[in-house]
Amino acid sequence: MSSSTPVIGVLALQGDVREHLVALAEADALARPVRRAEELAEVDGLVIPGGESTTISKLALAFGLMEPLRERVAAGMPAYGSCAGMIMLADKILDGRSDQETIGGIDMTVRRNAFGRQNESFESAIGFKGLAGDPVHGVFIRAPWVEAVGAGVEVLAELPAADGPESRIVAVRQGNLLATSFHPELTGDHRVHAYFVSMVENAAR
């Protein structure tokens with residue numbers, strides 16, 4: 001499955017799939033949509049896009065993808081979740097539906113829609129650990145934040161809280177798993193995707 005150019009899928013059930021495909025291609029990966037278990041088996045890594053986490057969860061179950069996703073992630077497949085994708089990679093959710101399921105894998109607790117509703121979306125410059133150059137331009141749309149992380153989770157980016165001294169965690173990594181609250185695929189800055197591509201390349205070695 002591995003080659004000199006990593007094959008990275010984008011979970012194409014709902015959300016900003018096309019934008020992630022473009023960003024991955026710009027970061028020198030072979031990018032393809034994934035809707036079925038047999039397509040998941042053919043990729044070296046996977047992006048789980050933003051959208052609506054409850055809808056993505058329901059569709060993953062309906063398409064028979066949830067268990068294959070859990071198995072691949074547990075077996076070490078690199079995965080990157082943005083916004084709703086972050087929720088899908090969380091072991092615990094706050095303010096989720098009682099029947100909402102996740103893929104899991106990152107030892108974190110994520111709060112859904114933590115930054116507010118659609119009309120409270122915003123943009124902010126964010127320092128991102130491990131990325132050279134200017135801060136990342138973060139686009140937050142009904143975004144979650146990370147309430148708590150386990151000992152094995154590395155915090156890559158935080159956003160100062162508007163209502164107090166505490167910062168909100170907005171990007172994390174645990175092993176081969178990466179998650180951001182924001183949408184780098186919407187900005188034209190492909191450094192986060194390039195960071196994930198390098199994770200996939202390293203995992204294949």
Report the distance from atom [atom1] of [X] to atom [atom2] of [Y], rounding to the nearest 0.5 Å.
X: Ile93; Y: Arg111; atom1: CD1; atom2: CZ; answer: 12.0 Å
X: Lys92; Y: Met108; atom1: NZ; atom2: CE; answer: 12.5 Å
X: Phe122; Y: Leu159; atom1: CZ; atom2: CG; answer: 5.0 Å
X: Glu201; Y: Ser4; atom1: CD; atom2: OG; answer: 9.0 Å

Residues Glu52, Arg112: salt bridge by 4.0 Å N-O rule: yes

Salt bridge present between Glu154 and Lys129 (N-O < 4.0 angstrom): yes

Among Leu46, Val73, Ile56, side chain to side chain contact (heavy atoms under 4.5 Å, CB included) partner for Ile103: Val73

Parallel, tilted or perpendicular: ring planes of Tyr80 versus Phe196, cut at 30 and 60 degrees: tilted

Does the [X] side chain pair with the main chain of [Y], one donor and one acceptor, at a distance under 3.5 Å?
X: Ser181; Y: Pro144; answer: yes
X: Ser124; Y: Gly138; answer: no
X: Arg173; Y: Gly175; answer: yes
X: Arg191; Y: Ala132; answer: yes
X: Asp44; Y: Pro6; answer: no
X: Thr102; Y: Ala90; answer: yes
X: Arg72; Y: Leu40; answer: yes

Side-chain contact, heavy-atom cut-off 4.5 Å: [X] with [Y]?
X: Val10; Y: His20; value: yes
X: Thr180; Y: Ile126; value: no
X: Val192; Y: Leu131; value: yes

Under 3.5 Å side-chain donor-acceptor pair for His193 and Glu185: no

Closest approach of Asp16 to His183 (non-hydrogen atoms, all atoms of both residues): OD2-ND1, 3.2 Å

Leu156 and Leu178: CA distance, side-chain angles, deciding distance, side chain to side chain contact (heavy atoms under 4.5 Å, CB included) verdict: CA-CA 9 Å; Leu156 298 177; Leu178 175 70; 3.5 Å; yes

From CA spacing to verdict: side chain to side chain contact (heavy atoms under 4.5 Å, CB included), Gln14, Thr55: CA-CA 8 Å; Gln14 193 240 4; Thr55 301; 4.1 Å; yes

